[in-house]
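All remarks here apply to the structure that follows.
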Amino acid sequence: MTAQIKIKNLHKSFDSLDVLKGINLEINKGQVVCVIGASGSGKSTFLRCINRLEEPTGGEITVDDIVITNPGVDMNKVRRHIGMVFQQFNLFPHLTAKQNIMMAPLELKLYTKKEIEQKAIELMERVGLSDKLDALPRQLSGGQQQRVAIARALAMEPDIMLFDEPTSALDPEMVGEVLSVMKELAAMGMTMVVVTHEMGFARDVADRVIFMDEGIIMEEAPPTEMFTAPKNPRTIEFLNKVLSVK
Amino acid sequence: MELGRVFVEVNPLLFNGLWITVEVTFLSLLLAFILGLCSCFMGLSDKAPLQWISKMYVWLIRGTPLLVQVFYVYFAIPQLFQFLGFDLRFTPFSAGVITLTLNAGAYMSEIFRGAINAVNPGQMEAARSLGLSKWQAMRRVVLPQALRICLPSLVNQFIITLKDSSLISVIGLADIMYQAKIYVGRSMESFATYTWVALFYLVLIAVLTKLANTVERRTQI
């Protein structure tokens, strides 16, 4: 089985600051990979390189057998298959929840308007917000906004989903509702890369957990191993800090 | 100093002029809106020559007084063309529209640029992550929000241009100010006439402001 996402020696620097210093990783179809690490470790930058919201400065990324770091690649087409969910939701504030979901498929003329509308209604039901179709983002709670944002990404029928700290901007009582939508996605076989501080989610849902520090992958292991018997001293230090609080 | 009598006499003249003022202003603003958007997009493009054209245009217009621009379009440019062997002459009306368009366009270009930059960059990223091109994302996501943000500044520019249009009377455009000057020259009734002129502008701008407030309320996000 060949990997769906292949990352070879990925580098990214901003001016003189090296954020990613050679990342190597392969992710198979249907796998859930959680990326953990302190802020500033480069994990968000790494995630944003996978759909080239951030332009890599070196290395090679292959998604579905397309080398997306090649110059001639039509990223607009590639991005249709890679959904992304942001920390700050980034819903379009001038559009209702339903319009948020319908906008991109309509603009890209993927299906008829009727089909797209039907799809939006189904997706809103799936994230448990059937009664909020016509609500504007500002009328929704953070957790509800993030669930609409997930539905919006799913409307493109992606086979990969990237999550950039999806619950970090949420009030604690709303974290659960977003995580349960994500769990459901994972159970349905979606390939997911999740940058997160939710260690519980990583432990329960991830197939692999990656610990990043100073722009490299310090340790990579299945969750049980990562959380019960980490090997790298930096991993141990980090996990001690985040887990002892709980 | 008879306000009432002067008003009755000057009223038809001022209304004639008012119509010209509104026409020149409306046409100029419409064209300036398009020109401003174009200049703004050129400024935001990643092609250096386009950026340079936009910057140069804004620099030239902001750096010179409107009165100089009016004379330049009406007198200087036709002479230049004559020198080059072309016969190009503007009516006061078209010279007025060209000048006000160029003038307001430059300020609107800056207003649009500021508003687009004020939209959260996450909006562009979210739209791009869904597979939209830069232009699609701009049109469907960033621009609607930017227009909402810049509405107050835009209305301000409308008001400035409406008032600036009175300067076009110096090249003989028969606007409200021109009519007033003619009447004062005949009757010597400066106080009464210019009081009425000021009131005409006040009412016009009050209506415009009211309209803008309604639009602003309706497009709240």
Side-chain angles (χ1 to χ4, degrees), chain A residues 44 47-55 74-96 99-110 116 136-139 145-146 148-158 160-165 169, chain B residues 33-34 36-37 40-41 44-48 50-51 108 111-155 211-221:
Chain A
S44 280
L47 190 76
R48 291 158 57 85
C49 280
I50 299 177
N51 64 355
R52 273 178 58 192
L53 277 186
E54 221 61 85
E55 211 53 63
D74 180 0
M75 272 319 287
N76 295 332
K77 225 163 208 158
V78 172
R79 287 195 186 113
R80 291 184 196 179
H81 305 286
I82 309 176
M84 186 159 199
V85 175
F86 300 85
Q87 183 177 359
Q88 298 296 337
F89 331 132
N90 294 347
L91 286 183
F92 309 129
H94 58 302
L95 302 177
T96 65
Q99 290 169 334
N100 261 277
I101 298 171
M102 292 172 65
M103 195 277 286
L106 271 183
E107 181 72 19
L108 298 169
K109 301 189 177 68
L110 297 185
I116 293 170
L136 286 167
R138 68 183 153 91
Q139 296 162 328
Q145 287 192 50
Q146 193 61 298
V148 175
I150 293 172
R152 178 178 70 177
L154 291 176
M156 298 298 296
E157 304 190 331
I160 298 169
M161 285 284 283
L162 309 177
F163 292 85
D164 189 3
E165 301 196 26
Chain B
F33 189 91
I34 298 164
L37 267 183
C40 168
F41 286 137
L44 293 172
S45 104
D46 37 22
K47 302 199 171 46
L50 293 183
Q51 278 182 23
M108 283 193 203
I111 290 171
F112 291 139
R113 192 173 62 91
I116 286 172
N117 286 337
V119 174
N120 185 337
Q123 292 290 310
M124 177 56 97
E125 285 184 352
R128 296 302 304 274
S129 79
L130 291 163
L132 266 60
S133 69
K134 195 174 163 190
W135 172 242
Q136 286 171 322
M138 181 59 82
R139 197 164 54 89
R140 295 299 307 269
V141 174
V142 178
L143 219 49
Q145 296 178 57
L147 287 178
R148 175 64 192 72
I149 291 171
C150 72
L151 202 60
S153 320
L154 215 50
V155 170
L211 202 75
N213 287 342
T214 314
V215 174
E216 211 169 311
R217 233 189 1 261
R218 293 242 175 109
T219 56
Q220 207 111 57
I221 45 175

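Below, chains carry the letters A, B, ... as their sequence lines are ordered, and counting in each starts from 1.
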Query raised in the report: In Å, rounded to the nearest 0.5 Å, how long is the span from CD of B:Gln145 to CG of A:Leu95?
Result: 8.0 Å

Report task. Supply the atom-to-atom distance A:Met156 CE to B:Ser129 OG, rounded to the nearest 0.5 angstrom. Result ->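 OG of B:Ser129 is found 9.0 Å from CE of A:Met156.
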
Report task. Tell me, with the steps shown, if B:Arg140 and A:Met103 meet side-chain contact (heavy atoms from CB on, under 4.5 Å). Result -> CA-CA 8 Å; B:Arg140 295 299 307 269; A:Met103 195 277 286; 3.8 Å; yes

Query raised in the report: Considering only heavy atoms, which portion of B:Ala137 lies under 4.5 Å from any heavy atom of chain A: side chain, backbone, both, or neither?
Result: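 For B:Ala137, neither part sits under 4.5 Å from chain A.
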
Considering non-hydrogen atoms only, spot the tightest contact between [X] and [Y] and give its length.
{"X": "B:Leu132", "Y": "A:Ala104", "result": "CD1-CB, 3.6 Å"}
{"X": "A:Ala153", "Y": "B:Leu130", "result": "CA-CD2, 4.1 Å"}
{"X": "B:Ala126", "Y": "A:Phe92", "result": "CB-CE2, 4.0 Å"}

Query raised in the report: Is it the side chain or the backbone of A:Leu91 that comes within 4.5 Å of chain B heavy atoms, both, or neither?
Result: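 Only the backbone of A:Leu91 comes within 4.5 Å of chain B.
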
Requested in this report: Could you look at A:Glu107 and say if it's the side chain, the backbone, both or neither that has a heavy atom under 4.5 Å from chain B?
Outcome: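 Interface part for A:Glu107: both.
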
**Report entry** Heavy-atom pair count under 4.5 Å with chain B, highest-scoring of A:Asn76, A:Leu108, A:Leu53
**Finding:**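 So the answer, after comparing A:Asn76, A:Leu108, A:Leu53, is A:Asn76.
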
Kindly list each side-chain donor-acceptor pair under 3.5 angstrom involving residues 79-86 of chain A, sequence neighbours excluded, with atom names and distances?
| from | atom 1 | to | atom 2 | distance (Å) |
| --- | --- | --- | --- | --- |
| A:Arg79 | NE | A:Asn51 | O | 2.8 |
| A:Arg79 | NH2 | A:Asn51 | O | 3.4 |
| A:Arg79 | NH2 | A:Arg52 | O | 3.1 |

